[in-house]
Amino acid sequence: MATTPQPTQRRYLMCEPTHYTVSYEINPWMDSTRFTDAELAVRQWRVLRDLYLELGHTVDLIDPIPGLPDMVYAANGATVVDGIVYSAKFRYPERQPEGPAYEKWFADHGFVTHTAEEVNEGEGDILMVGDLLLAGTGFRTDRASHGEIARVTGREVVTMELVDSHYYHLDTALSVLSSDPAAPLIAYYPPAFSDASRTELERRFPDAVIASEQDAACLGLNAVSDGKHVVVAPGATDLAAQLTERGFEPIPVDTSELLKGGGGAKCCTLEIRTAP
């Protein structure tokens, strides 16, 4: 008999998109000639933040910095495991100041931080599933960082190779639905991964939810789950139906303005995992 998914209280770090715009292009979603509406982005972001609070989660805020329009994508700012902060070291110059800004926030709030020597883009490419870390590479995060975070956290790290530039971060192609070590569950889009990585996902997660092309194309896998409620893009209707069948409660939240920068709900949400 299947276990009914249960929510757990989470702690998130977010950054209001006060200075949001698309002024450069570093992923296929970005078009600097296309109009972006910062006020609409803020309204959509606040709906997301307020939903987390309504679900009983804690939301910490980092102050947005002028000139860093992508700082809203907080998930890229660091990876936090067992209260240990592994800083981001961004590939593109446009985003490189974000890494130190996020690391300073954590240091100022009493966290032990480790400054990354290897290029990585935080929780955008490093996702905790049960007792292990899935770590993306191929576009933004160097494979060498996987060994570095394994040493920092003491966790097993499994490399996932991304092969489609539209899914440039792991959290655009794979979503963690349950982090329960006894019953970890993910959803993912197979074409985003190399053959070897797909084989590894099939071996480790035989019961995974398989997303459709439609789900992936609206960044439906850039979702946030508390183990019961799953915040998803409204266009990810196939994914939402599968989640409902599995006992989850999908909650559509429109982040369409932020999608112009290549991010959805998960990109805006950095989970703070404290020491067990």
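- A side-chain contact (heavy atoms from CB on, under 4.5 Å) with Val80 is found for one member of Thr113, Ile272, Thr153, Ile126 and no other, namely Ile272.
- With contacts defined as side-chain heavy-atom distances shorter than 4.5 Å, the pair Ser145/Val119 does not qualify.
- Proximity of Pro191 to Tyr167: side-chain heavy atoms (C-beta onward) are nowhere separated by under 4.5 Å.
- Looking at Arg91 and Asp142, a side-chain N of the basic residue comes within less than 4.0 Å of a carboxylate O on the acidic one, giving a salt bridge.
- Here the shortest heavy-atom pairing between Arg10 and Thr8 reads NE-OG1, 2.7 Å.
- Taking 4.5 Å as the limit, some side-chain heavy atom of Ile84 sits within range of a side-chain heavy atom of Val152.
- With hydrogens and angles disregarded, no donor-acceptor distance shorter than 3.5 Å links the side chain of Glu16 to the backbone of Trp45.
- For the 3.5 Å distance criterion, the side chains of Arg34 and Ser32 fail to qualify, holding no donor opposite an acceptor.
- Under the side-chain contact (heavy atoms from CB on, under 4.5 Å) test applied with Gln44, the options Asp254, Leu259, Asp37 reduce to a single match, Asp254.
- Distance alone, capped at 3.5 Å, places no donor-acceptor pair between the Tyr73 side chain and the Cys15 backbone.
- Heavy-atom minimum distance, Lys89 versus Ala116: CD-O, 3.8 Å.
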Verdict with supporting geometry, Ile26 and Arg140, side chain to side chain contact (heavy atoms under 4.5 Å, CB included): CA-CA 10 Å; Ile26 59 174; Arg140 295 294 190 86; 3.5 Å; yes
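- Residue-environment remark: CD (Glu117) stays at or below the threshold of 12 foreign heavy atoms within 6.0 Å.
- Following chains of ILVMFWY side-chain contacts shorter than 4.5 Å, one cannot reach Leu170 starting from Val163, and the two form parts of different hydrophobic clusters.
- Between Lys260 and Asp31 there is no salt bridge, since no side-chain nitrogen of the basic residue lies less than 4.0 Å from a carboxylate oxygen of the acidic one.
- Between Arg273 and Glu123 there is a salt bridge, since at least one side-chain N of the basic residue sits less than 4.0 Å from a carboxylate O of the acidic one.
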Stepwise ring pair (Phe, Tyr, Trp, His ring centres under 6.0 Å) test for Phe106 and Phe111: CA-CA 5 Å; Phe106 281 106; Phe111 287 81; 5.2 Å; yes
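- In this structure, Trp105 contributes its side chain and Pro100 its backbone to no donor-acceptor pair below 3.5 Å.
- In this structure, Arg198 does not pair ionically with Glu202, as no charged nitrogen and carboxylate oxygen lie closer than 4.0 Å.
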Trace of the salt bridge (charged side-chain N to carboxylate O under 4.0 Å, His left out) decision for Glu148 with Arg151: CA-CA 5 Å; Glu148 187 175 34; Arg151 293 189 295 272; 5.2 Å; no
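- A salt bridge links Asp60 to Arg11: at least one charged side-chain nitrogen sits closer than 4.0 Å to a carboxylate oxygen.
- Looking only at atom types and distance, the side chain of Ser197 has no donor-acceptor partner in the side chain of Glu161 under 3.5 Å away.
- In the hydrophobic clustering of ILVMFWY residues, with side-chain heavy atoms under 4.5 Å counting as a link, Leu127 and Val158 come out together.
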Salt bridge (charged side-chain N to carboxylate O under 4.0 Å, His left out) between Glu118 and Arg143, worked out: CA-CA 9 Å; Glu118 306 293 346; Arg143 191 181 296 259; over 6 Å; no
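- Salt bridge annotation for Arg246-Asp207: absent, with no cationic side-chain nitrogen under 4.0 angstrom from a carboxylate oxygen.
- With no hydrogens or angles considered, a side-chain donor-acceptor pair links Ser212 and Asp215 at under 3.5 Å.
- In summary, the side chains of Asn120 and Thr141 do not present any donor paired with an acceptor at a separation below 3.5 Å, with no hydrogens or angles considered.
- Using modelled atom types, one side-chain atom of Asn222 and one backbone atom of Lys266 make a donor-acceptor pair closer than 3.5 Å.
- Comment: Glu249 does not engage Lys228 in a salt bridge, judged by the lack of any side-chain N to carboxylate O separation of less than 4.0 angstrom.
- A 6.0 Å sphere centred on CD of Glu156 holds more than 12 heavy atoms belonging to other residues, nucleotides or ligands.
- Tyr12 contributes no side-chain N or O that, together with a main-chain N or O of Leu61, makes up a donor-acceptor pair within less than 3.5 Å.
- Using modelled atom types, no side-chain atom of Tyr86 and backbone atom of Ala150 make a donor-acceptor pair closer than 3.5 Å.
- Note: the hydrophobic cluster containing Leu219 also contains Leu239 (ILVMFWY, side chain heavy atoms under 4.5 Å, direct or indirect links).
- Between Asp50 and Arg46 no salt bridge is recorded (no basic side-chain N to carboxylate O distance below 4.0 Å).
- A donor-acceptor contact closer than 3.5 angstrom is absent between the side chains of His57 and Gln9.
- Ion pairing between a basic and an acidic side chain is recognised when a charged N comes within 4.0 Å of a carboxylate O; Arg203 and Glu200 show such pairing.
- When only modelled atom types and interatomic distance are considered, Asp226 and Tyr52 share no side-chain donor-acceptor pair under 3.5 Å.
- Using a 4.5 Å cut-off on side-chain heavy atoms (C-beta onward), Val230 and Ile251 make no contact.
- Cluster membership for Val72 and Val42, using ILVMFWY side-chain heavy atoms within less than 4.5 angstrom, is not shared.
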Would you list the atom pairs, donor with acceptor, under 3.5 Å between side chains in residues 173-190 and any protein atom, with sequence neighbours excluded?
from, atom 1, to, atom 2, distance (Å)
Ser178, OG, Asp180, N, 3.3
Ser178, OG, Ala183, O, 3.4
Asp180, OD1, Ala182, N, 2.9

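- Looking at Ser165 and Phe139, their side chains come closer than 4.5 Å, going by heavy atoms from C-beta outward.
- Side chains of Thr36 and Glu257: a donor-acceptor N/O pair is absent below 3.5 angstrom, by distance only.
- For the pair His146 (side chain) and Gly136 (backbone), a donor-acceptor distance under 3.5 Å is present.
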